[in-house]
Amino acid sequence: MKKIYMALCLVTIYCNTDLLAQSNQPPVNEPDYNKPELFKSLPAKVIIPTGEINSLFLADRGGKISLSLTADPRNNLEGEIISITSKYGDSIRSVCIISSNFKGARLTISRLLGRDGITTYVGRMISFGNADVYEMDYSGQRFLFIKKNWYDLVNE
């Protein structure tokens, strides 16, 4: 009787450890390195005039915009402002634009007013279905959009 009991215990332990090995789930989304590039026609670095960025914060929701990305007007970012938010007495102000000519791309820019009076800007132009994104950088009195790979910024 002890041998049957011991055999049942061993079979039960074996079955349970086998079930635990099955619980390791793969990631929800496997990286798709074959996504198409949306900003293929644009250079790796794009200089944006300061006045154009500041004008975005003066526009109204639903307003149409045109942001020059290169000297070629065919590469302008055309779109509509879908969201403008302000927090903490306007010390943080964000604008979200959906592009009409770069399908699926959204440009989000935030202006941050520090307690010391220094204004900083952060932003990204991103499309979830494409492999390339632009991240905004501010250096030497000018705004730059720097092209990056989707998986350099996002972990799925």
Practice prompt. Using the rule that two of Ile, Leu, Val, Met, Phe, Trp, Tyr join whenever any of their side-chain heavy atoms come within less than 4.5 Å, decide whether Leu107 and Phe57 are in one cluster.
Written response: yes

Discussion item. Using side-chain heavy atoms (C-beta onward) and a distance below 4.5 Å, is Phe102 in contact with Leu69?
Written reply: yes

Item to complete: Classify the side-chain pair Glu78/Ser100 by whether it contains a donor and acceptor separated by less than 3.5 Å.
Response: no

Worksheet item: Which is it for Asn54 and Tyr121 under the side-chain hydrogen bond (donor to acceptor under 3.5 Å, both in side chains) test, yes or no, and what are the steps along the way?
Response: CA-CA 10 Å; Asn54 289 328; Tyr121 296 86; 2.6 Å; yes

Response to the item:
So CD1 of Ile48 and OG of Ser68: to nearest 0.5 Å the spacing works out to 7.5 Å

Practice prompt. Would you check if Glu37 and Asn130 make a side-chain contact, meaning some heavy-atom pair closer than 4.5 Å?
Written response: no

Discussion item. Counting C-beta onward and ignoring hydrogens, is there a side-chain heavy-atom pair between Ile81 and Val95 closer than 4.5 Å?
Written reply: yes

Item to complete: Report yes if the side chains of Arg106 and Ile82 come closer than 4.5 Å at any heavy-atom pair, otherwise no.
Response: yes

Worksheet item: Side chains of Ser41 and Asn75: closer than 4.5 Å at any heavy-atom pair?
Response: yes

Discussion item. Quick one, Lys35 and Tyr151 - any side-chain contact, counting heavy atoms below 4.5 Å?
Written reply: yes

Discussion item. Quick check on side chain to side chain contact (heavy atoms under 4.5 Å, CB included): which of Ile109, Leu56, Leu67 does Ile97 satisfy it with?
Written reply: Leu56

Worksheet entry | Side chain proximity check, Ile126 to Tyr134, heavy atoms < 4.5 angstrom | no

Discussion item. Could you check whether any side-chain heavy atom of Leu77 comes within less than 4.5 Å of a side-chain heavy atom of Met125, counting everything from C-beta outward?
Written reply: yes

Worksheet item: What's the spacing between Ile98 CD1 and Thr108 OG1 if we round to 0.5 Å?
Response: 10.0 Å

Worksheet item: When rounded to the nearest 0.5 angstrom, what distance separates CD1 in Ile84 from OG in Ser94?
Response: 10.5 Å

Item to complete: For Lys45 and Phe145, indicate whether the former's side chain and the latter's backbone hold a donor-acceptor pair under 3.5 Å.
Response: no

